[in-house]
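Read the structure below first, then the notes.
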There are 2 protein chains.
Amino acid sequence: MSVREKKKKKNKNAILQAAISLFRKNGYENTSIEQIARAAGVGKGTFYSYFQNKKDIVKGFYDDELELVHNELLGRANRDTPILEQMVTIYMAEFRQVTRNPEFGRLFMRESVFPDKQNPAGNAGLENNFFSMLFPILERAQQRGELRRDIEILHITEHFHSLFVMVVSSWYTGRLPIDGVEQAMTSLFTQLLEGLCPPPFTLTKLEKNNG
Amino acid sequence: MSVREKKKKKNKNAILQAAISLFRKNGYENTSIEQIARAAGVGKGTFYSYFQNKKDIVKGFYDDELELVHNELLGRANRDTPILEQMVTIYMAEFRQVTRNPEFGRLFMRESVFPDKQNPAGNAGLENNFFSMLFPILERAQQRGELRRDIEILHITEHFHSLFVMVVSSWYTGRLPIDGVEQAMTSLFTQLLEGLCPPPFTLTKLEKNNG
DNA sequence: TATAAATTTCGACTGCGGTCATTTTTTTTA
DNA sequence: TAAAAAAAATGACCGCAGTCGAAATTTATA
(Lines give C-alpha, C1' and ligand atoms only; values in the text may rest on other atoms or scores of the structure.)
Protein backbone atom coordinates (compact mmCIF):
# COMPACT_ATOMS: atom_id res chain seq x y z
CA MET A 1 0.00 0.00 0.00
CA SER A 2 1.40 3.34 -1.08
CA VAL A 3 2.00 6.23 1.28
CA ARG A 4 -1.00 7.95 -0.25
CA GLU A 5 -3.37 5.09 0.32
CA LYS A 6 -2.24 4.62 3.90
CA LYS A 7 -2.73 8.30 4.62
CA LYS A 8 -6.14 8.35 3.04
CA LYS A 9 -7.34 5.41 5.08
CA LYS A 10 -5.94 6.88 8.28
CA ASN A 11 -7.42 10.30 7.59
CA LYS A 12 -10.85 9.03 6.70
CA ASN A 13 -10.97 7.00 9.86
CA ALA A 14 -9.65 9.84 11.99
CA ILE A 15 -12.33 12.17 10.64
CA LEU A 16 -15.08 9.63 11.14
CA GLN A 17 -14.01 8.87 14.69
CA ALA A 18 -13.60 12.53 15.58
CA ALA A 19 -17.01 13.29 14.15
CA ILE A 20 -18.76 10.48 15.99
CA SER A 21 -17.08 11.38 19.24
CA LEU A 22 -18.00 15.06 18.92
CA PHE A 23 -21.55 14.28 17.78
CA ARG A 24 -21.95 12.02 20.82
CA LYS A 25 -20.64 14.70 23.15
CA ASN A 26 -22.30 17.82 21.74
CA GLY A 27 -24.91 16.60 19.30
CA TYR A 28 -24.98 16.81 15.55
CA GLU A 29 -26.18 20.38 15.19
CA ASN A 30 -23.74 21.74 17.75
CA THR A 31 -20.72 20.25 16.06
CA SER A 32 -19.11 22.19 13.22
CA ILE A 33 -17.09 20.77 10.37
CA GLU A 34 -14.17 22.85 11.51
CA GLN A 35 -14.27 21.27 14.97
CA ILE A 36 -14.31 17.82 13.41
CA ALA A 37 -11.41 18.66 11.13
CA ARG A 38 -9.36 20.12 13.98
CA ALA A 39 -10.03 17.10 16.18
CA ALA A 40 -8.98 14.83 13.33
CA GLY A 41 -5.83 16.85 12.79
CA VAL A 42 -6.65 18.03 9.30
CA GLY A 43 -7.83 21.23 7.68
CA LYS A 44 -11.46 22.03 7.10
CA GLY A 45 -11.20 21.61 3.35
CA THR A 46 -9.78 18.15 3.78
CA PHE A 47 -13.00 17.00 5.37
CA TYR A 48 -14.73 17.54 2.04
CA SER A 49 -12.33 15.32 0.13
CA TYR A 50 -13.43 12.40 2.31
CA PHE A 51 -17.12 13.15 2.79
CA GLN A 52 -19.45 14.92 0.44
CA ASN A 53 -21.13 16.91 3.17
CA LYS A 54 -21.98 16.86 6.86
CA LYS A 55 -24.80 14.36 6.54
CA ASP A 56 -22.51 11.98 4.73
CA ILE A 57 -20.78 11.28 8.03
CA VAL A 58 -23.94 9.69 9.35
CA LYS A 59 -24.08 7.34 6.39
CA GLY A 60 -20.41 6.53 6.88
CA PHE A 61 -21.17 5.66 10.48
CA TYR A 62 -24.06 3.33 9.74
CA ASP A 63 -22.34 1.75 6.77
CA ASP A 64 -19.90 0.14 9.16
CA GLU A 65 -22.18 -0.30 12.13
CA LEU A 66 -25.10 -1.96 10.35
CA GLU A 67 -22.90 -4.31 8.40
CA LEU A 68 -21.64 -5.71 11.69
CA VAL A 69 -25.17 -6.23 12.96
CA HIS A 70 -26.21 -7.88 9.73
CA ASN A 71 -23.29 -10.26 9.78
CA GLU A 72 -23.93 -11.16 13.39
CA LEU A 73 -27.57 -11.84 12.59
CA LEU A 74 -26.62 -14.01 9.65
CA GLY A 75 -24.36 -16.04 11.90
CA ARG A 76 -26.91 -16.59 14.64
CA ALA A 77 -29.92 -17.14 12.40
CA ASN A 78 -31.76 -20.39 12.36
CA ARG A 79 -33.47 -20.40 9.04
CA ASP A 80 -36.11 -22.91 9.94
CA THR A 81 -37.78 -20.92 12.68
CA PRO A 82 -41.08 -19.37 11.66
CA ILE A 83 -40.71 -16.42 9.32
CA LEU A 84 -42.57 -14.09 11.66
CA GLU A 85 -40.11 -14.74 14.44
CA GLN A 86 -37.11 -14.33 12.16
CA MET A 87 -38.33 -11.06 10.71
CA VAL A 88 -39.11 -9.64 14.13
CA THR A 89 -35.65 -10.62 15.35
CA ILE A 90 -33.93 -9.05 12.38
CA TYR A 91 -35.92 -5.85 12.34
CA MET A 92 -35.76 -5.40 16.09
CA ALA A 93 -31.98 -5.60 15.85
CA GLU A 94 -32.11 -3.04 13.08
CA PHE A 95 -34.42 -0.86 15.14
CA ARG A 96 -32.18 -0.94 18.21
CA GLN A 97 -29.14 -0.12 16.15
CA VAL A 98 -30.76 2.72 14.25
CA THR A 99 -32.33 4.34 17.28
CA ARG A 100 -29.41 3.83 19.63
CA ASN A 101 -28.45 7.38 18.91
CA PRO A 102 -31.80 8.98 18.05
CA GLU A 103 -30.30 12.02 16.38
CA PHE A 104 -28.12 9.99 13.99
CA GLY A 105 -30.92 7.54 13.46
CA ARG A 106 -33.34 10.17 12.32
CA LEU A 107 -30.86 11.63 9.87
CA PHE A 108 -30.00 8.19 8.60
CA MET A 109 -33.60 7.11 8.11
CA ARG A 110 -34.44 10.36 6.38
CA GLU A 111 -31.60 9.95 3.95
CA SER A 112 -32.27 6.32 3.30
CA VAL A 113 -36.02 6.68 2.74
CA PHE A 114 -36.04 10.07 1.01
CA PRO A 115 -32.49 10.65 -0.21
CA ASP A 116 -31.18 13.90 -1.60
CA LYS A 117 -31.09 14.29 -5.33
CA GLN A 118 -27.30 14.41 -5.43
CA ASN A 119 -27.16 11.23 -3.40
CA PRO A 120 -28.48 8.84 -6.04
CA ALA A 121 -26.71 5.57 -5.30
CA GLY A 122 -25.78 6.67 -1.82
CA ASN A 123 -27.78 4.33 0.32
CA ALA A 124 -28.46 1.88 -2.46
CA GLY A 125 -25.46 -0.20 -1.50
CA LEU A 126 -26.48 -0.47 2.10
CA GLU A 127 -30.10 -1.22 1.36
CA ASN A 128 -29.15 -3.79 -1.22
CA ASN A 129 -26.90 -5.51 1.27
CA PHE A 130 -29.72 -5.63 3.73
CA PHE A 131 -32.20 -6.90 1.19
CA SER A 132 -29.77 -9.51 -0.05
CA MET A 133 -29.47 -10.75 3.53
CA LEU A 134 -33.22 -11.22 3.65
CA PHE A 135 -33.48 -12.96 0.30
CA PRO A 136 -32.34 -16.46 1.30
CA ILE A 137 -34.40 -16.32 4.46
CA LEU A 138 -37.55 -15.43 2.60
CA GLU A 139 -36.82 -17.90 -0.16
CA ARG A 140 -36.53 -20.66 2.39
CA ALA A 141 -39.82 -19.62 3.94
CA GLN A 142 -41.43 -19.77 0.53
CA GLN A 143 -40.11 -23.29 0.06
CA ARG A 144 -41.46 -24.33 3.45
CA GLY A 145 -44.82 -22.99 2.34
CA GLU A 146 -44.91 -20.19 4.88
CA LEU A 147 -44.99 -17.51 2.20
CA ARG A 148 -46.85 -17.27 -1.06
CA ARG A 149 -44.76 -18.20 -4.04
CA ASP A 150 -46.60 -15.94 -6.46
CA ILE A 151 -45.13 -12.78 -4.93
CA GLU A 152 -41.63 -11.78 -5.86
CA ILE A 153 -39.26 -11.84 -2.92
CA LEU A 154 -38.30 -8.24 -3.59
CA HIS A 155 -41.91 -7.25 -3.00
CA ILE A 156 -42.07 -9.26 0.18
CA THR A 157 -39.05 -7.40 1.51
CA GLU A 158 -40.75 -4.16 0.58
CA HIS A 159 -43.77 -5.08 2.65
CA PHE A 160 -41.73 -5.83 5.73
CA HIS A 161 -39.47 -2.87 5.23
CA SER A 162 -42.35 -0.46 4.88
CA LEU A 163 -43.74 -1.63 8.20
CA PHE A 164 -40.31 -1.24 9.73
CA VAL A 165 -40.20 2.35 8.54
CA MET A 166 -43.66 2.90 9.98
CA VAL A 167 -42.59 1.54 13.37
CA VAL A 168 -39.48 3.71 13.45
CA SER A 169 -41.55 6.70 12.45
CA SER A 170 -44.13 5.94 15.13
CA TRP A 171 -41.40 5.82 17.71
CA TYR A 172 -39.85 9.07 16.54
CA THR A 173 -43.14 10.91 16.59
CA GLY A 174 -43.91 9.59 20.05
CA ARG A 175 -47.00 7.67 18.97
CA LEU A 176 -45.31 4.46 20.08
CA PRO A 177 -43.41 4.14 23.37
CA ILE A 178 -40.16 2.22 23.34
CA ASP A 179 -41.52 -0.75 25.26
CA GLY A 180 -44.35 -1.17 22.81
CA VAL A 181 -42.15 -1.43 19.76
CA GLU A 182 -41.60 -5.16 19.68
CA GLN A 183 -45.23 -5.95 20.27
CA ALA A 184 -46.35 -3.47 17.63
CA MET A 185 -43.91 -4.87 15.13
CA THR A 186 -45.01 -8.43 15.84
CA SER A 187 -48.62 -7.52 15.51
CA LEU A 188 -48.14 -5.57 12.26
CA PHE A 189 -46.04 -8.35 10.73
CA THR A 190 -48.66 -10.92 11.75
CA GLN A 191 -51.41 -8.90 10.15
CA LEU A 192 -49.32 -8.50 7.02
CA LEU A 193 -48.85 -12.26 6.82
CA GLU A 194 -52.48 -13.04 7.46
CA GLY A 195 -53.91 -10.23 5.36
CA LEU A 196 -56.43 -7.55 6.21
CA CYS A 197 -59.32 -9.36 4.54
CA PRO A 198 -61.36 -11.80 6.55
CA PRO A 199 -60.22 -15.34 5.76
CA PRO A 200 -62.35 -17.29 3.29
CA PHE A 201 -64.41 -20.20 4.58
CA THR A 202 -62.13 -22.70 6.23
CA LEU A 203 -62.74 -26.34 7.00
CA THR A 204 -63.85 -25.65 10.54
CA LYS A 205 -66.21 -22.91 9.54
CA LEU A 206 -67.64 -25.04 6.75
CA GLU A 207 -68.30 -27.92 9.08
CA LYS A 208 -69.91 -25.56 11.56
CA ASN A 209 -72.14 -24.08 8.88
CA ASN A 210 -73.07 -27.46 7.47
CA GLY A 211 -73.57 -29.14 10.81
CA MET B 1 -60.88 42.30 13.35
CA SER B 2 -58.25 44.61 14.81
CA VAL B 3 -55.60 46.31 12.73
CA ARG B 4 -53.05 43.91 14.14
CA GLU B 5 -54.95 40.79 13.20
CA LYS B 6 -55.61 42.03 9.69
CA LYS B 7 -51.94 42.82 9.21
CA LYS B 8 -50.86 39.46 10.52
CA LYS B 9 -53.13 37.56 8.20
CA LYS B 10 -52.08 39.65 5.23
CA ASN B 11 -48.39 39.32 6.05
CA LYS B 12 -48.48 35.59 6.59
CA ASN B 13 -50.21 35.10 3.29
CA ALA B 14 -47.87 37.45 1.47
CA ILE B 15 -44.86 35.61 2.80
CA LEU B 16 -46.29 32.21 1.91
CA GLN B 17 -47.18 33.29 -1.61
CA ALA B 18 -43.85 34.97 -2.17
CA ALA B 19 -42.04 31.89 -0.95
CA ILE B 20 -44.00 29.47 -3.11
CA SER B 21 -43.57 31.64 -6.15
CA LEU B 22 -39.81 31.98 -5.61
CA PHE B 23 -39.40 28.29 -4.80
CA ARG B 24 -41.21 27.42 -8.01
CA LYS B 25 -39.05 29.75 -10.05
CA ASN B 26 -35.61 29.13 -8.53
CA GLY B 27 -35.98 26.04 -6.38
CA TYR B 28 -35.95 25.71 -2.61
CA GLU B 29 -32.19 25.74 -2.07
CA ASN B 30 -31.63 28.72 -4.35
CA THR B 31 -34.15 30.90 -2.56
CA SER B 32 -33.03 32.80 0.51
CA ILE B 33 -35.17 33.95 3.37
CA GLU B 34 -34.15 37.50 2.62
CA GLN B 35 -35.43 37.20 -0.95
CA ILE B 36 -38.72 35.87 0.33
CA ALA B 37 -39.03 38.67 2.86
CA ARG B 38 -38.21 41.34 0.28
CA ALA B 39 -40.73 39.90 -2.16
CA ALA B 40 -43.35 39.88 0.57
CA GLY B 41 -42.53 43.47 1.47
CA VAL B 42 -41.32 42.77 5.00
CA GLY B 43 -37.99 42.57 6.76
CA LYS B 44 -36.05 39.36 7.14
CA GLY B 45 -36.69 39.12 10.85
CA THR B 46 -40.41 39.34 10.28
CA PHE B 47 -40.33 36.08 8.37
CA TYR B 48 -39.38 34.35 11.58
CA SER B 49 -42.35 35.66 13.50
CA TYR B 50 -44.64 33.87 11.04
CA PHE B 51 -42.66 30.71 10.33
CA GLN B 52 -40.31 28.88 12.64
CA ASN B 53 -37.75 28.20 9.93
CA LYS B 54 -37.33 27.73 6.22
CA LYS B 55 -38.75 24.20 6.13
CA ASP B 56 -41.85 25.41 7.90
CA ILE B 57 -42.94 27.10 4.69
CA VAL B 58 -43.27 23.73 3.03
CA LYS B 59 -45.58 22.51 5.74
CA GLY B 60 -47.57 25.71 5.45
CA PHE B 61 -47.94 25.05 1.75
CA TYR B 62 -49.14 21.46 2.06
CA ASP B 63 -51.40 22.25 4.99
CA ASP B 64 -53.61 24.21 2.63
CA GLU B 65 -53.05 22.21 -0.50
CA LEU B 66 -53.72 18.75 0.89
CA GLU B 67 -56.80 19.80 2.78
CA LEU B 68 -58.33 20.83 -0.56
CA VAL B 69 -57.51 17.47 -2.10
CA HIS B 70 -58.91 15.61 0.89
CA ASN B 71 -62.14 17.54 0.82
CA GLU B 72 -62.53 16.99 -2.89
CA LEU B 73 -61.95 13.28 -2.42
CA LEU B 74 -64.50 13.15 0.36
CA GLY B 75 -67.05 14.79 -1.90
CA ARG B 76 -66.50 12.47 -4.84
CA ALA B 77 -66.11 9.26 -2.89
CA ASN B 78 -68.52 6.41 -3.28
CA ARG B 79 -68.15 4.50 -0.10
CA ASP B 80 -69.53 1.25 -1.41
CA THR B 81 -66.93 0.63 -4.06
CA PRO B 82 -64.38 -2.05 -3.12
CA ILE B 83 -61.92 -0.91 -0.50
CA LEU B 84 -58.94 -1.65 -2.73
CA GLU B 85 -60.22 0.69 -5.39
CA GLN B 86 -61.02 3.42 -2.88
CA MET B 87 -57.63 3.26 -1.23
CA VAL B 88 -55.81 3.34 -4.54
CA THR B 89 -57.85 6.36 -5.61
CA ILE B 90 -57.17 8.22 -2.40
CA TYR B 91 -53.49 7.46 -2.19
CA MET B 92 -52.87 8.10 -5.87
CA ALA B 93 -54.39 11.56 -5.39
CA GLU B 94 -52.12 12.03 -2.40
CA PHE B 95 -49.16 10.81 -4.41
CA ARG B 96 -49.81 13.15 -7.29
CA GLN B 97 -50.25 16.10 -4.98
CA VAL B 98 -47.14 15.39 -2.94
CA THR B 99 -44.89 14.74 -5.91
CA ARG B 100 -46.22 17.51 -8.10
CA ASN B 101 -43.29 19.56 -6.99
CA PRO B 102 -40.70 16.89 -6.21
CA GLU B 103 -38.48 19.17 -4.18
CA PHE B 104 -41.27 20.30 -1.85
CA GLY B 105 -42.62 16.80 -1.71
CA ARG B 106 -39.40 15.31 -0.50
CA LEU B 107 -39.05 17.91 2.23
CA PHE B 108 -42.65 17.43 3.24
CA MET B 109 -42.45 13.66 3.37
CA ARG B 110 -39.23 13.80 5.34
CA GLU B 111 -40.76 16.08 7.91
CA SER B 112 -43.96 14.15 8.18
CA VAL B 113 -42.36 10.72 8.50
CA PHE B 114 -39.30 11.69 10.55
CA PRO B 115 -40.05 15.10 12.04
CA ASP B 116 -37.53 17.31 13.79
CA LYS B 117 -37.43 17.20 17.54
CA GLN B 118 -38.61 20.79 17.84
CA ASN B 119 -41.53 19.99 15.58
CA PRO B 120 -43.47 17.71 17.91
CA ALA B 121 -47.09 18.30 16.98
CA GLY B 122 -46.19 19.86 13.66
CA ASN B 123 -47.53 17.36 11.22
CA ALA B 124 -49.79 15.66 13.71
CA GLY B 125 -52.71 17.87 12.77
CA LEU B 126 -52.38 17.16 9.11
CA GLU B 127 -51.87 13.43 9.51
CA ASN B 128 -54.77 13.22 11.90
CA ASN B 129 -57.00 14.97 9.42
CA PHE B 130 -55.98 12.51 6.79
CA PHE B 131 -56.48 9.53 9.03
CA SER B 132 -59.84 10.79 10.18
CA MET B 133 -60.87 10.99 6.55
CA LEU B 134 -60.01 7.33 6.13
CA PHE B 135 -61.78 6.18 9.27
CA PRO B 136 -65.37 6.16 8.02
CA ILE B 137 -64.33 4.56 4.75
CA LEU B 138 -62.52 1.74 6.49
CA GLU B 139 -65.26 1.33 9.04
CA ARG B 140 -67.79 0.91 6.26
CA ALA B 141 -65.57 -1.67 4.61
CA GLN B 142 -65.36 -3.55 7.87
CA GLN B 143 -69.14 -3.55 8.10
CA ARG B 144 -69.44 -4.85 4.54
CA GLY B 145 -67.09 -7.65 5.54
CA GLU B 146 -64.27 -6.54 3.29
CA LEU B 147 -61.91 -5.95 6.18
CA ARG B 148 -61.26 -7.94 9.32
CA ARG B 149 -63.05 -6.58 12.34
CA ASP B 150 -60.46 -7.75 14.83
CA ILE B 151 -57.90 -5.16 13.70
CA GLU B 152 -58.24 -1.62 14.96
CA ILE B 153 -58.92 0.83 12.19
CA LEU B 154 -55.93 2.89 13.23
CA HIS B 155 -53.73 -0.09 12.52
CA ILE B 156 -55.34 -0.63 9.16
CA THR B 157 -54.56 2.97 8.22
CA GLU B 158 -50.99 2.39 9.33
CA HIS B 159 -50.67 -0.57 6.98
CA PHE B 160 -51.88 1.39 3.99
CA HIS B 161 -49.92 4.45 4.92
CA SER B 162 -46.70 2.55 5.30
CA LEU B 163 -47.10 1.17 1.78
CA PHE B 164 -47.83 4.65 0.54
CA VAL B 165 -44.59 5.87 2.07
CA MET B 166 -42.79 2.95 0.46
CA VAL B 167 -44.21 3.81 -2.96
CA VAL B 168 -43.24 7.46 -2.63
CA SER B 169 -39.79 6.45 -1.50
CA SER B 170 -39.44 4.03 -4.40
CA TRP B 171 -40.33 6.78 -6.79
CA TYR B 172 -37.90 9.23 -5.22
CA THR B 173 -35.04 6.79 -5.31
CA GLY B 174 -35.78 5.94 -8.93
CA ARG B 175 -36.57 2.29 -8.23
CA LEU B 176 -40.08 2.88 -9.52
CA PRO B 177 -40.82 4.85 -12.71
CA ILE B 178 -43.76 7.23 -12.66
CA ASP B 179 -45.93 5.14 -14.93
CA GLY B 180 -45.49 2.11 -12.70
CA VAL B 181 -46.70 3.82 -9.56
CA GLU B 182 -50.39 3.05 -9.80
CA GLN B 183 -49.83 -0.57 -10.69
CA ALA B 184 -47.28 -1.02 -7.91
CA MET B 185 -49.63 0.56 -5.40
CA THR B 186 -52.51 -1.60 -6.51
CA SER B 187 -50.44 -4.72 -6.33
CA LEU B 188 -49.00 -3.91 -2.89
CA PHE B 189 -52.42 -3.04 -1.50
CA THR B 190 -53.84 -6.25 -2.92
CA GLN B 191 -51.10 -8.30 -1.33
CA LEU B 192 -51.67 -6.50 1.95
CA LEU B 193 -55.36 -7.34 1.83
CA GLU B 194 -54.80 -10.97 0.88
CA GLY B 195 -51.81 -11.53 3.14
CA LEU B 196 -48.37 -12.91 2.39
CA CYS B 197 -49.16 -16.39 3.69
CA PRO B 198 -50.63 -18.93 1.33
CA PRO B 199 -54.37 -19.15 1.88
CA PRO B 200 -55.58 -22.01 4.10
CA PHE B 201 -57.45 -24.89 2.48
CA THR B 202 -60.53 -23.63 0.76
CA LEU B 203 -63.59 -25.53 -0.33
CA THR B 204 -62.29 -26.02 -3.86
CA LYS B 205 -58.93 -27.24 -2.71
CA LEU B 206 -60.50 -29.58 -0.19
CA GLU B 207 -62.76 -31.11 -2.80
CA LYS B 208 -59.80 -31.53 -5.11
CA ASN B 209 -57.77 -33.23 -2.43
CA ASN B 210 -60.62 -35.47 -1.38
CA GLY B 211 -61.75 -36.28 -4.89
C1' DT C 1 -55.79 63.27 23.77
C1' DA C 2 -51.41 62.19 26.13
C1' DT C 3 -48.84 58.63 28.11
C1' DA C 4 -47.65 54.07 29.21
C1' DA C 5 -47.59 49.29 28.04
C1' DA C 6 -47.58 45.63 24.83
C1' DT C 7 -46.69 43.76 20.54
C1' DT C 8 -44.50 43.61 16.14
C1' DT C 9 -40.95 44.89 12.76
C1' DC C 10 -36.46 45.27 11.48
C1' DG C 11 -31.76 44.55 9.66
C1' DA C 12 -27.07 44.31 11.48
C1' DC C 13 -24.71 40.54 13.28
C1' DT C 14 -23.04 35.68 14.28
C1' DG C 15 -21.63 31.22 13.14
C1' DC C 16 -21.57 27.61 10.01
C1' DG C 17 -21.69 24.73 5.65
C1' DG C 18 -19.54 24.46 1.59
C1' DT C 19 -16.14 26.30 -2.35
C1' DC C 20 -11.85 27.27 -4.56
C1' DA C 21 -7.33 29.08 -5.78
C1' DT C 22 -3.06 28.26 -3.83
C1' DT C 23 0.38 25.55 -1.51
C1' DT C 24 2.28 21.19 -0.06
C1' DT C 25 3.07 16.38 -0.64
C1' DT C 26 3.53 12.27 -3.31
C1' DT C 27 4.32 9.89 -7.61
C1' DT C 28 6.10 9.57 -12.19
C1' DT C 29 9.41 10.53 -15.62
C1' DA C 30 14.02 11.30 -17.58
C1' DT D 1 18.64 12.14 -8.21
C1' DA D 2 16.34 16.15 -10.28
C1' DA D 3 12.47 17.96 -12.60
C1' DA D 4 7.81 17.58 -14.02
C1' DA D 5 3.22 15.95 -13.25
C1' DA D 6 -0.49 14.46 -10.39
C1' DA D 7 -2.95 14.32 -6.25
C1' DA D 8 -4.20 16.03 -1.84
C1' DA D 9 -4.37 19.53 1.90
C1' DT D 10 -5.48 23.99 3.29
C1' DG D 11 -7.83 28.06 5.15
C1' DA D 12 -9.51 32.51 3.51
C1' DC D 13 -13.71 33.49 1.60
C1' DC D 14 -18.87 33.51 0.31
C1' DG D 15 -23.72 33.27 1.02
C1' DC D 16 -27.23 32.12 3.93
C1' DA D 17 -30.14 30.51 8.10
C1' DG D 18 -31.30 32.04 12.18
C1' DT D 19 -30.74 35.55 16.50
C1' DC D 20 -31.37 39.66 19.07
C1' DG D 21 -31.74 44.18 20.88
C1' DA D 22 -33.39 48.43 19.38
C1' DA D 23 -36.96 51.01 16.87
C1' DA D 24 -41.64 51.42 15.25
C1' DT D 25 -46.44 50.52 15.64
C1' DT D 26 -50.56 49.28 17.83
C1' DT D 27 -53.41 48.93 21.99
C1' DA D 28 -54.61 50.05 26.81
C1' DT D 29 -54.98 53.44 30.37
C1' DA D 30 -55.96 57.89 32.62
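Bear in mind the structure is a predicted one, so any value in this text is a computation, not a measurement. Sequence lines set the chain letters: A, B, ... in the order given, protein chains first and strands last, and positions in each chain run from 1.
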On DNA chain D, nearest-nucleotide positions of B:Asn30 versus A:Ser49: which is more 5'?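 Here A:Ser49 is the residue nearer the 5' end.
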Which residue lies toward the 5' end of DNA chain D, B:Arg4 or B:Ile33, if each is placed at its nearest nucleotide?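 The residue mapped nearer the 5' terminus is B:Ile33.
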Testing A:Val58, A:Val168, A:Thr99 one by one against A:Met109 for a side-chain contact (heavy atoms from CB on, under 4.5 Å), which residue passes?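 Filter result, single survivor: A:Val168.
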Parallel, tilted or perpendicular, judged at 30° and 60°: which one describes the rings of A:Phe95 and A:Trp171?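 Plane angle over 60°, so perpendicular.
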Considering every strand and a 4.0 Å limit on heavy-atom distances, what is the contact class for B:Phe51: base, sugar-phosphate, or nothing?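 Nothing: the residue B:Phe51, judged by heavy atoms under 4.0 Å, touches no strand.
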Integer-rounded Å distance: [N] [atom2] and [X] [atom1]:
X       : N      : atom1 : atom2 : value
A:Asn26 : C:dG15 : CG    : C1'   : 15 Å
B:Lys7  : C:dT8  : NZ    : P     : 11 Å
A:Glu29 : C:dG15 : CD    : C1'   : 13 Å
B:Lys54 : D:dA17 : NZ    : P     : 4 Å
A:Gln35 : C:dC16 : CD    : P     : 7 Å
A:Tyr28 : C:dC16 : OH    : C1'   : 12 Å
A:Glu34 : C:dG17 : CD    : P     : 9 Å
A:Lys6  : C:dT27 : NZ    : P     : 10 Å

Please check if the side chain of [X] supplies one atom and the backbone of [Y] the other of a donor-acceptor pair under 3.5 Å.
X        : Y        : answer
B:Glu34  : B:Lys44  : no
B:Arg144 : B:Thr81  : yes
B:Tyr62  : B:Gly105 : yes

Looking at [N], I'd like to know if its phosphate oxygens (OP1 or OP2) sit under 4.0 Å from a side-chain N or O belonging to [X].
X       : N      : result
A:Tyr48 : D:dA8  : no
A:Tyr50 : D:dA8  : no
A:Ser2  : C:dT26 : no

So A:Asp116 and B:Arg110, salt bridge (Lys or Arg N to Asp or Glu O under 4.0 Å) or not? Walk me through it. CA-CA 11 Å; A:Asp116 276 353; B:Arg110 278 190 181 183; 2.8 Å; yes
Are B:His155 and A:Gln191 close enough that a side-chain donor and a side-chain acceptor fall under 3.5 Å?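 Judged by distance alone, the side chains do not pair up.
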Between C:dT25, D:dA17, D:dG18, which one does the side chain of B:Ser32 approach most closely?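 The nucleotide sitting nearest to the side chain is D:dA17.
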Kindly indicate whether the side chain of B:Lys44 and the base of D:dG18 share any N or O donor-acceptor pair separated by less than 3.5 Å?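 When only heavy-atom distances are counted, B:Lys44 does reach the base of D:dG18 through a donor-acceptor pair under 3.5 Å.
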Return the residues of residues 8-25 of chain A meeting this criterion: a heavy atom under 4.0 Å from some atom of DNA chain C. Order them by number, or give none.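 Contacting residues: none.
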Report the residue (B:Gly43 or A:Thr31) whose heavy-atom-nearest nucleotide on DNA chain C is the more 5′ of the two.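 Looking at DNA chain C, the more 5' nearest nucleotide goes with B:Gly43.
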